[in-house]
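Working notes, beginning with the structure itself.
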Amino acid sequence: FSMWINGKEMTGEVVEKERARQIYNSYKPQKRDPGLLEQVDFRTFEMRVFPIAPNGDQRVQVEYYQELDADHDWFRYVYPLATTTRPQADTRTTGRFAIAFEAKSEVPIAAVESPSHSNDFVVATHGADHVQASLERKGGRLDRDVVIDLHAARPKTGIDVVTSRAGREDGYFLLSLTAGEDLAKLDTGMDYVFVLDSSGSMGDDGKLAISKESVLAFLRTLDADDRFEVMTFNVQPYPLFSALRAPDASALEQAGSFLNTQTARGGTVLNPAMTTAYKYGGPDRPLNVVVLSDGLAEQRDRAELLQLIQNRPRNARVFCIGVGNDVNRPLLEQMAEDSGGLAAFLSRTDNFDRQAQAFRRKLMRPAASGVQIAIQGVETYDLEPAVLPDLHHGVPVRIYGRYRGSGRAKVSVKADVRGAPLRQTADLEFPGDDPRNPEIERMWAWKRVDRLLKTADRAGSRAPVTAEIVALGEAYSIVTEYTSFLVLENDDEYRRWKIERRNADRTGRDRAAQAGREAGLEKLRRRAMADIGPQPVERTASPRSAPQAPATAAPTASPASAPAPAQTTRNPRGVDFGSGGGSGPVGPLFVLVSAWLARRRRNG
């Protein structure tokens with residue numbers, strides 16, 4: 001979080017929340033220039049800037065990092081614009097609306113598309129590993145998410161590592177394990193209970209309509225030997241059949257008619273709906289409970305709900321689909337994780353059929369359970385998560401951690417797939433110095449904070465973990481419900497309040513890495529442009545020389561373009577299991593997004 005004060009950018013620092021508020025308030029009588037960015041709850045951030053003169057401008061900047069959602073062989077980037085918090089807010093922009101998107105991947109990129117703005121983006125391909133996309137218009141709306149999907153070639157189960165290390169400090173790493181096509185498809189029918197939230201909060205931002213369309217898309221993917229039930233809930237559950245039905249034409253028509261009559265009203269009480277869903281379980285078939293909700297249940301119900309997940313039937317898994325941007329992501333993730341299931345999140349502008357098919361593929365292929373990863377050759381510690389979740393088809397298990405030492409390390413993976421052992425090993429490089437990926441350091445700390453909060457919520461009290469969360473927030477410059485960003489007028493003011501300039505140093509490293517990445521992308525762009533247009537003809541002394549073959553131009557920008565997958569070279573940071581080389585199934589995939597969203601009009 002930065003502000004420009006007297007023409008100079010001042011980078012904020014993270015401070016314990018109450019102290020940050022006290023310092024901010026101390027400046028207001030002096031009409032000085034502080035800025036404050038706070039997290040109010042799991043979904044809301046508030047920014048305070050003082051003072052702003054009448055009709056004046058104040059430039060601020062907020063940066064954030066995120067993991068891309070990975071589903072089978074698609075990577076998904078969402079810029080969540082549909083976040084209007086006041087009904088009277090004007091969502092139109094008054095000036096230029098632009099997004100520049102750039103992706104570089106170790107895995108060949110087969111296609112790029114935007115389900116949300118398919119006619120607005122222009123895509124340029126600069127080879128199999130580098131693409132650009134651009135959207136620009138005069139005026140735009142801020143009530144529709146921007147969604148960009150990248151299709152990557154990723155056939156094998158494999159493992160990859162991305163590292164960050166500065167000076168003599170211990171390093172950080174991100175290890176990704178992904179199941180590919182080599183996990184065979186299950187040949188048994190499954191039972192599904194779709195639990196659809198129809199409470200009043202689902203009426204906002206079209207969330208109920210998204211849920212209905214998603215359930216119908218999923219039902220269309222079911223096989224003849226599957227069975228299903230559809231149930232809505234607010235303060236109580238409302239099942240359609242009160243039995244499991246085969247997905248024949250009659251049952252699907254009844255489900256569509258039932259869903260079309262649903263309206264959003266009442267409160268959100270999920271516990272009775274989950275208890276009812278468990279009644280459909282039997283000893284001889286897997287039961288998949290698929291919850292579509294924004295998770296905005298009462299806080300007092302949280303501990304009871306998590307206990308209910310622990311007491312589910314033995315063969316039942318819970319899959320949570322968060323709908324819209326106003327969603328309790330931590331709760332839905334925790335419910336799914338505790339049951340061995342998965343959580344996914346939908347935007348109003350997603351491709352629902354593709355999402356349903358990808359979700360279905362995960363359920364139709366066996367999960368690898370009891371996943372264990374051992375690393376020999378370097379010392380690793382403080383892994384997040386400490387206990388690994390099940391490995392589902394197409395969804396990477398991402399492990400963040402710290403390491404000491406450097407060099408080649410042997411990584412061993414153990415798991416069970418339907419009772420059969422899965423055993424694989426790979427040699428990966430952990431360097432002694434790596435300035436390219438400092439972002440994963442904050443991500444490691446954020447994952448640790450997230451795990452501390454979830455563990456505390458299971459126990460019913462956050463008091464034992466608050467001090468550690470504050471320490472991590474201040475050290476790694478992370479805003480939480482217990483820490484805030486504070487911008488002061490100059491460096492002397494930070495010294496006066498004895499606030500270390502940790503974020504200024506960390507931001508400098510981040511921006512240096514970004515600049516190096518941008519320079520590399522610029523070289524790729526220039527190389528691609530060199531092949532466009534007339535090409536120089538090599539002159540020879542003999543007029544009888546054979547004619548030159550016509551030059552082949554690189555693809556030019558077009559509304560949709562897809563480079564042919566190229567053969568990659570062996571990469572010491574990634575390995576496909578069971579193959580002779582390659583870059584691994586995930587590989588480092590960097591996405592740079594810059595956005596210019598013109599000032600939003602405000603009423604009153």
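Because the structure is predicted, anything quoted here is derived from the model rather than measured.
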| task | Not counting sequence neighbours, which residues clear salt bridge (charged side-chain N to carboxylate O under 4.0 Å, His left out) with Arg496? List them please. | result | Glu493
| field | Non-hydrogen side-chain atoms of Val62 and Phe485 separated by less than 4.5 Å | value | no
| task | Please determine if Arg442 forms a cation-pi arrangement with Tyr65, meaning its NZ or CZ atom is less than 6.0 Å from the six-membered ring centre and no more than 45° off the ring axis. | result | no
| task | Keeping the roles fixed (side chain from Arg501, backbone from Thr11), state whether a donor-acceptor pair exists under 3.5 Å. | result | yes
| query | Between Glu13 and Arg502, is there a donor-acceptor pair closer than 3.5 Å when you use the side chain of the first and the backbone of the second? | reply | yes
| Are side-chain heavy atoms of Glu38 and Val479 found at a separation under 4.5 Å? | no
| Exam field: side chain Tyr79 to backbone Ile148, donor-acceptor pair closer than 3.5 Å | no
| If every non-hydrogen atom of Asp382 is compared with every non-hydrogen atom of Trp444, which pair is closest and at what distance? | O-NE1, 2.9 Å
| If you measure from the Lys or Arg side-chain nitrogens to the Asp or Glu carboxylate oxygens, is any gap between Arg525 and Glu518 under 4.0 Å? | yes
| So do Gln22 and Trp497 actually touch side chain to side chain, heavy atoms under 4.5 Å? | no
| query | Mind checking what makes side-chain hydrogen bond (donor to acceptor under 3.5 Å, both in side chains) contact with Thr483, not counting sequence neighbours? | reply | Thr480
What donor-acceptor contacts under 3.5 angstrom involve side-chain atoms of residues 469-477, with partners at least two apart or in another chain?
{"residue": "Glu474", "atom": "OE2", "partner": "Glu16", "partner atom": "N", "Å": "3.1"}
{"residue": "Tyr476", "atom": "OH", "partner": "Tyr172", "partner atom": "OH", "Å": "2.6"}
{"residue": "Ser477", "atom": "OG", "partner": "Asn503", "partner atom": "OD1", "Å": "3.1"}

| field | Minimum-distance pair of heavy atoms, taken over all atoms of Leu208 and Ala264 | value | CD2-N, 3.5 Å
| request: Can you measure from CZ (Arg48) to CG (Leu37) and round to the nearest 0.5 angstrom? | output: 11.0 Å
| field | Contact summary for Ser201 and Asp294, nearest pair of heavy atoms | value | OG-OD2, 2.7 Å
| field | Validation row: Tyr27, Glu489 side chains within 4.5 angstrom (heavy atoms) | value | no
| request: Report yes if some heavy atom in the side chain of Leu36 is under 4.5 Å from a heavy atom in the side chain of Ser484; otherwise report no. | output: yes
| query | Less than 4.5 Å apart, any side-chain heavy atom of Asp197 and any of Phe233? | reply | yes
| request: Under the side-chain hydrogen bond (donor to acceptor under 3.5 Å, both in side chains) rule, collect the residues that match up with Gln39, sequence neighbours excluded. | output: none
| request: Flag the pair Phe121 / Glu113 as yes when at least one side-chain heavy-atom distance between them is below 4.5 Å, and no otherwise. | output: no
| Should Lys17 and Glu481 count as an ion pair when the cut-off is N to O under 4.0 Å? | no
| request: If the plane angle is over 60° it's perpendicular, under 30° parallel, otherwise tilted; pick one for His117 and Phe97. | output: parallel
| field | Heavy-atom closest pair, residues Ala456 and Val465 | value | CB-CG2, 3.8 Å
| message | Please check if the number of heavy atoms outside Glu379 that lie under 6.0 Å from its CD is greater than 12. | response | yes
| query | Once you round to the nearest 0.5 Å, how far does OG1 of Thr380 lie from CD1 of Ile373? | reply | 10.0 Å
| message | Working note: Arg506 + Asp510, criterion salt bridge (Lys or Arg N to Asp or Glu O under 4.0 Å); need CA distance, chi angles, decisive distance, verdict. | response | CA-CA 6 Å; Arg506 192 173 290 278; Asp510 287 357; over 6 Å; no
| note | dist Tyr403:OH -> Ile375:CD1 (nearest 0.5 Å) comes out at 11.0 Å
| With sequence neighbours excluded, residues passing salt bridge (charged side-chain N to carboxylate O under 4.0 Å, His left out) with Asp41 | none
| query | In Å and rounded to the nearest 0.5 Å, what is the CD to CZ distance from Gln334 to Arg451? | reply | 12.0 Å
| task | Rounded to the nearest 0.5 Å, what's the gap from CG on Leu150 to CZ on Arg76? Could you check? | result | 12.5 Å
| Of all residues at least two apart in sequence or in a different chain, which pass the side-chain hydrogen bond (donor to acceptor under 3.5 Å, both in side chains) check with Arg511? | Glu9, Glu63
| Would you say the side chain of Arg137 lies within less than 4.5 Å of the side chain of Asp120, judging by non-hydrogen atoms? | yes
| Sub-3.5 Å donor-acceptor pair from the side chain of Arg448 to the main-chain atoms of Leu452, do we have one? | no
| task | Mark yes or no for whether Tyr24, through its side chain, and Pro34, through its backbone, hold a donor-acceptor pair below 3.5 Å. | result | no
| request: Let me see the working for Tyr77 and Gln66 under side-chain contact (heavy atoms from CB on, under 4.5 Å), right down to the final yes or no. | output: CA-CA 9 Å; Tyr77 173 80; Gln66 69 184 81; 3.8 Å; yes
| request: Identify the two heavy atoms, one from Ile5 and one from Leu488, that lie closest to each other, and give their separation to 0.1 Å. | output: CD1-O, 3.8 Å
| field | Intermediate values then yes/no, side-chain contact (heavy atoms from CB on, under 4.5 Å), Tyr381 and Arg404 | value | CA-CA 9 Å; Tyr381 62 98; Arg404 300 186 183 98; 3.6 Å; yes
| What do the steps show when you test Arg398 against Lys447 for side-chain contact (heavy atoms from CB on, under 4.5 Å), and what is the final call? | CA-CA 10 Å; Arg398 291 171 170 140; Lys447 290 288 185 180; over 6 Å; no
| CD (Glu67) with more than 12 external heavy atoms under 6.0 Å | yes
| field | Exam field: side chain Lys104 to backbone Leu521, donor-acceptor pair closer than 3.5 Å | value | no
| request: Begin with the C-alpha distance, continue with both residues' side-chain angles, and end with the deciding distance and a verdict on side-chain contact (heavy atoms from CB on, under 4.5 Å) for Leu196 and Ser211. | output: CA-CA 7 Å; Leu196 179 66; Ser211 299; 2.9 Å; yes
| query | Between Ser114 and Val147, is there a donor-acceptor pair closer than 3.5 Å when you use the side chain of the first and the backbone of the second? | reply | yes
| query | At their closest point, which heavy atom of Trp4 faces which heavy atom of Val60, and how far apart are they? | reply | CZ3-C, 4.3 Å
| request: First locate atom CG of Leu292, then atom CE of Met202, and finally report the distance between them rounded to the nearest 0.5 Å. | output: 7.0 Å
